[in-house]
Amino acid sequence: MRSGLLREVRGTCLCSILAPWPWASRFAFPDWAYKPESSPGSRQIQLWHFILELLQKEEYHDVIAWQGDYGEFVIKDPDEVARLWGIRKCKPHMNYDKLSRALRYYYNKRILHKTKGKRFTYKFNFSKVVLVNYPLLDMANSSLLLVGE
DNA sequence: CGCGGAATAA
DNA sequence: TTATTCCGCG
């Protein structure tokens with residue numbers, strides 16, 4: 001996969017977070033963030049997977065990037081993110097209005113929530129997401145994953 | 001902008 | 001079920 005960024009925690013493949021914070025190395029991303037569309041069990045690419053994908057690549061730091069608290073990110077260029085998402089999903093008429101509606105559906109699912117007052121800023125509920133994706137993961141021994149929420 | 005209902009698609 | 005599309009409201 002992505003050698004160099006990989007860590008092994010209780011059998012679960014994790015990738016170190018690519019963030020500018022000094023304490024960033026203490027945290028990690030579960031590998032579902034990098035799960036290819038073709039992998040067994042996964043259907044079409046999900047929006048939050050795509051968001052994580054962009055967040056993980058430094059070439060998009062002017063488009064979308066981590067900023068603020070752990071799990072918090074800012075969409076610096078809404079039109080560009082929408083354009084990229086539209087290309088990925090073959091939806092040429094995608095725009096931020098529609099993309100943001102999809103993000104809002106994540107609120108009830110507890111995958112994301114809005115950082116109120118901060119424009120284009122959302123925050124991942126990593127602890128919830130990880131529990132959902134890795135129900136058997138021993139959270140007591142994976143406190144590094146529980147910082148969000 | 002940000003929100004969430006409603007209809008519809010895949 | 002996860003979006004996509006459209007939209008009225010604050």
Problem set entry | Distance in angstrom units between A:Lys91 NZ and C:dT2 C1', rounded | 12 Å
Exercise. Looking at NZ of A:Lys76 and CZ of A:Arg119, how far apart are the two atoms once the value is rounded to the nearest 0.5 Å?
Worked result: 15.0 Å
Problem set entry | Heavy-atom contact window of chain A on DNA chain B, given 5' to 3' at under 4.0 Å | B:dC1 to B:dA7
Problem set entry | Ring geometry between A:Phe120 and A:Tyr96 (parallel below 30°, tilted from 30 to 60°, perpendicular above 60°) | perpendicular
For this session: Report yes if at least one side-chain N or O of A:Trp85 is closer than 4.0 Å to OP1 or OP2 of C:dT4; otherwise report no.
Result: yes
Problem set entry | Parallel, tilted or perpendicular, as decided by the 30° and 60° cut-offs, for the rings of A:Phe124 and A:Trp48 | tilted
For this session: Name all residues meeting the ring pair (Phe, Tyr, Trp, His ring centres under 6.0 Å) criterion together with A:Tyr60; count only those two or more places apart in sequence or in a different chain, and write none if there are none.
Result: none
Exercise. Does anything in residues 95-108 of chain A reach DNA chain B, meaning a heavy atom under 4.0 Å, and if so which residues?
Worked result: A:Tyr96, A:Arg101, A:Arg104, A:Tyr105, A:Tyr107
Seminar exercise, completed: Sorted by chain and residue number, the side-chain hydrogen bond (donor to acceptor under 3.5 Å, both in side chains) partners of A:Tyr107 (sequence neighbours excluded) come out as none
Problem set entry | Strand-adjacent residues in residues 74-82 of chain A, judged by heavy atoms under 4.0 Å from DNA chain C | none
For this session: Tell me, please, which residues at least two apart from A:Lys89 pass salt bridge (Lys or Arg N to Asp or Glu O under 4.0 Å).
Result: none
Exercise. What's the verdict on side-chain contact (heavy atoms from CB on, under 4.5 Å) for A:Glu53 and A:His49, showing C-alpha distance, side-chain angles and the deciding distance?
Worked result: CA-CA 6 Å; A:Glu53 184 183 310; A:His49 288 21; over 6 Å; no
Problem set entry | Length of the CD1-P vector between A:Ile51 and C:dA3, whole Å | 10 Å
For this session: Drop me the distance from A:Ile87's CD1 to A:Met94's CE, to the nearest 0.5 angstrom.
Result: 12.0 Å
Exercise. With a 4.0 Å cut-off on heavy atoms, is A:Lys116 in touch with a base, just the backbone sugar-phosphate, or nothing at all?
Worked result: nothing
Exercise. Step by step, would you call A:Tyr106 with A:Asn125 a side-chain contact (heavy atoms from CB on, under 4.5 Å)?
Worked result: CA-CA 10 Å; A:Tyr106 289 144; A:Asn125 291 322; over 6 Å; no
Exercise. Expressed in angstrom and rounded to an integer, what is the separation of A:Ile45 atom CD1 from C:dT4 atom C1'?
Worked result: 16 Å
For this session: Go through A:Tyr122 and A:Ile51 one step at a time and tell me if the side-chain contact (heavy atoms from CB on, under 4.5 Å) criterion holds.
Result: CA-CA 11 Å; A:Tyr122 300 81; A:Ile51 296 292; over 6 Å; no
For this session: Check the distance between C:dT4's C1' and A:Phe50's CZ and give it to me in whole angstrom.
Result: 15 Å
Exercise. Side chain to side chain contact (heavy atoms under 4.5 Å, CB included) with A:Asp77: which of A:Ile75, A:Asp79, A:Val74?
Worked result: A:Asp79
